[in-house]
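Read through the structure below, which is laid out as structure tokens, and then see the notes.
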Amino acid sequence: MDYKYLKVDCKDNGIVVLTISREKTLNSLNTEVLKELSDFFDNIFEDDEVNVVILTGAGKSFVAGADIGEMATLSATEGYDFGKLGMDTLMKIEKGKKPVIAAVNGYALGGGCEIALACDIRIASKRAKFGQPEVGLGIIPGFGGTQRLIRAIGPGYAKEMIFTAKMIDAEQAERWGLVNHVYEADELLDKALEMAELIASKAPKAIQYSKSAIESGSQTDIETAMEIERTSFGLLFSTDDQREGMNAFLNKKKANFIGK
């Protein structure tokens with residue numbers, strides 16, 4: 001499918017770079033962008049040729065929030081529906097089969113911070129800025145920010161970000177655990193690709209099951225979480241990749257995983 005606001009670049013080894021491209025509004029998320037993102041992830045997660053997705057923004061911004069011009073005149077019902085569209089779209093990223101790396105190249109505010117939080121791994125440019133400015137607009141984060149942020153950095157820092165609406169820089173985000181690594185702007189995408197290459201070299205089914213176990217287990221009690229892990233661990237012994245990986249190790253060869 002051709003997209004108006006998304007640029008899709010397929011790299012080697014099943015790596016796809018997705019760029020949100022709506023530069024005039026700093027890549028803000030309106031209904032059309034969210035629907036395009038929803039469609040993209042519906043399709044990409046079912047593509048057996050894809051191993052890793054890198055998500056970034058065009059120009060100097062990652063995503064500077066949801067589109068305030070669209071939100072300003074919404075009724076309560078329309079606001080609920082808009083929030084649901086955003087939440088449902090971001091949940092697809094979080095629950096999807098393939099790992100998604102957010103390469104945060106600039107402003108990640110409001111919905112931009114929330115879409116980064118839905119990704120599996122976050123790396124940032126030194127010029128990146130993070131924030132949840134919604135209370136300054138008379139609303140709250142509406143795409144999952146009140147929930148994912150506390151899970152990412154703890155309730156104290158999350159409440160500080162949400163209650164004050166202040167932006168934090170990339171170094172502060174790294175100290176708080178919001179991002180894994182911070183890089184110079186001109187090396188951010190290369191570093192994201194380097195990480196994606198490493199992930200893509202591993203067994204795809206094992207990556208998929210790891211992501212599922214982490215996401216599902218983190219939302220439940222420890223006993224249930226252990227059963228989720230135990231089940232996934234056992235099931236992987238029925239895969240070709242398990243046999244390939246262990247035989248390659250025993251024979252001191254490089255494994256050739258096929259995702260089955």
Side-chain angles (χ1 to χ4, degrees), residues 1-12 14-45 47 50 52-71 82 85-86 89-90 92-94 96 98-133 141 143-145 167-170 173 178-197:
M1 177 179 176
D2 292 328
Y3 298 110
K4 182 177 180 181
Y5 296 119
L6 304 181
K7 294 180 179 178
V8 182
D9 185 11
C10 298
K11 304 291 187 180
D12 294 335
I15 298 168
V16 174
V17 178
L18 175 67
T19 304
I20 300 175
S21 183
R22 195 175 177 232
E23 288 189 61
K24 288 184 178 180
T25 64
L26 299 179
N27 305 323
S28 64
L29 303 173
N30 63 4
T31 296
E32 193 171 359
V33 175
L34 289 169
K35 287 181 176 179
E36 288 190 359
L37 284 167
S38 180
D39 181 82
F40 170 83
F41 284 108
D42 277 340
N43 288 291
I44 210 73
F45 286 145
D47 189 338
V50 174
V52 187
V53 177
I54 297 170
L55 175 62
T56 193
K60 297 182 178 180
S61 178
F62 178 68
V63 172
D67 191 325
I68 297 172
E70 179 176 355
M71 290 193 295
F82 185 65
L85 173 61
T89 300
L90 271 55
K92 290 180 180 182
I93 300 173
E94 184 174 87
K98 314 293 173 69
V100 181
I101 300 169
V104 183
N105 55 304
Y107 290 112
L109 308 177
C113 189
E114 288 170 304
I115 196 170
L117 285 165
C119 296
D120 298 289
I121 299 169
R122 291 170 292 281
I123 64 174
S125 157
K126 286 186 176 181
R127 70 185 185 196
K129 302 286 186 181
F130 297 83
Q132 297 288 166
F143 293 172
M167 287 190 295
I168 61 172
D169 61 23
L178 183 54
V179 300
N180 292 34
H181 307 285
V182 176
Y183 300 108
E184 296 291 344
D186 60 359
E187 64 176 352
L188 178 65
L189 190 55
D190 286 340
K191 292 294 185 180
L193 288 166
E194 184 179 305
M195 183 182 291
E197 289 277 3

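Scope of the values below: all heavy atoms of this structure, side chains included, with no hydrogens, waters or symmetry mates.
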Checklist entry - Taking all atoms of both residues into account, what is the closest heavy-atom pair of A66 and F82, and its distance? => result CB-CE2, 4.0 Å
Checklist entry - Is it true that a side-chain atom of K98 and a backbone atom of V50 form a donor plus acceptor pair closer than 3.5 Å? => result yes
Checklist entry - Once you round to the nearest 0.5 Å, how far does CG of L18 lie from OH of Y3? => result 8.5 Å
Next on the checklist: For residues 105-125, which residue pairs pass the side chain to side chain donor-acceptor pair (under 3.5 Å) check, not counting sequence neighbours?
Outcome noted: T56-N105, D120-K211
Checklist outcome for this item: Minimal heavy-atom distance between F143 and L90, with the atoms involved, is O-CD2, 3.5 Å
Next on the checklist: Show the nearest heavy-atom pair for residues A192 and A103, with the distance to one decimal.
Outcome noted: CB-CB, 4.2 Å
Checklist entry - Atom SG in C10, atom CD1 in I44: separation rounded to 0.5 Å? => result 6.0 Å
Checklist entry - Are any of the side-chain heavy atoms of L117 and L178 separated by less than 4.5 Å? => result yes
Item to check | Value rounded to 0.5 Å, distance of CD1 in I123 from CD1 in I101 | outcome: 6.5 Å
Item to check | Exercise: identify the closest heavy-atom pair between F62 and A102 | outcome: CZ-CB, 4.3 Å
Item to check | Smallest separation among heavy atoms of I115 and G112, with atom names | outcome: CG2-O, 3.2 Å
Checklist outcome for this item: Heavy atoms of T19 and A58 approach each other most closely as CG2-N, 3.4 Å
Next on the checklist: Does any part of the side chain of D169, heavy atoms only, come nearer than 4.5 Å to the side chain of K129, both counted from C-beta?
Outcome noted: yes
Next on the checklist: With a 4.5 Å cut-off on side-chain heavy atoms, are K191 and H181 touching?
Outcome noted: no
Checklist entry - CD of E194 to CD of E187: how many Å apart, nearest 0.5 Å? => result 9.5 Å
Checklist entry - Do the side chains of I93 and L37 get nearer than 4.5 Å, heavy atoms only? => result no
Item to check | Test item: I20 and V33 side chains (from C-beta on) under 4.5 Å apart, heavy atoms | outcome: yes
Next on the checklist: If we ignore hydrogens and angles and just use 3.5 Å, is the side chain of E36 paired with the main-chain N or O of Y5 as donor and acceptor?
Outcome noted: yes
Next on the checklist: When you compare the side chains of Y183 and D190, does any donor N or O come within less than 3.5 Å of an acceptor on the partner?
Outcome noted: no
Checklist entry - Hey, what do you get for CG (N27) to CG (L109), rounding to the nearest 0.5 Å? => result 11.5 Å
Checklist entry - How long is the gap from CE on M71 to OG1 on T31, to the nearest 0.5 Å? => result 10.0 Å
Checklist entry - Between S38 and L34, is there a donor-acceptor pair closer than 3.5 Å when you use the side chain of the first and the backbone of the second? => result no
Next on the checklist: With a 3.5 Å distance limit and no angle check, can you tell me whether N30 reaches the backbone of D67 through a side-chain donor-acceptor pair?
Outcome noted: no
Item to check | Test item: Q132 side-chain N/O and P141 main-chain N/O as donor-acceptor pair under 3.5 Å | outcome: no
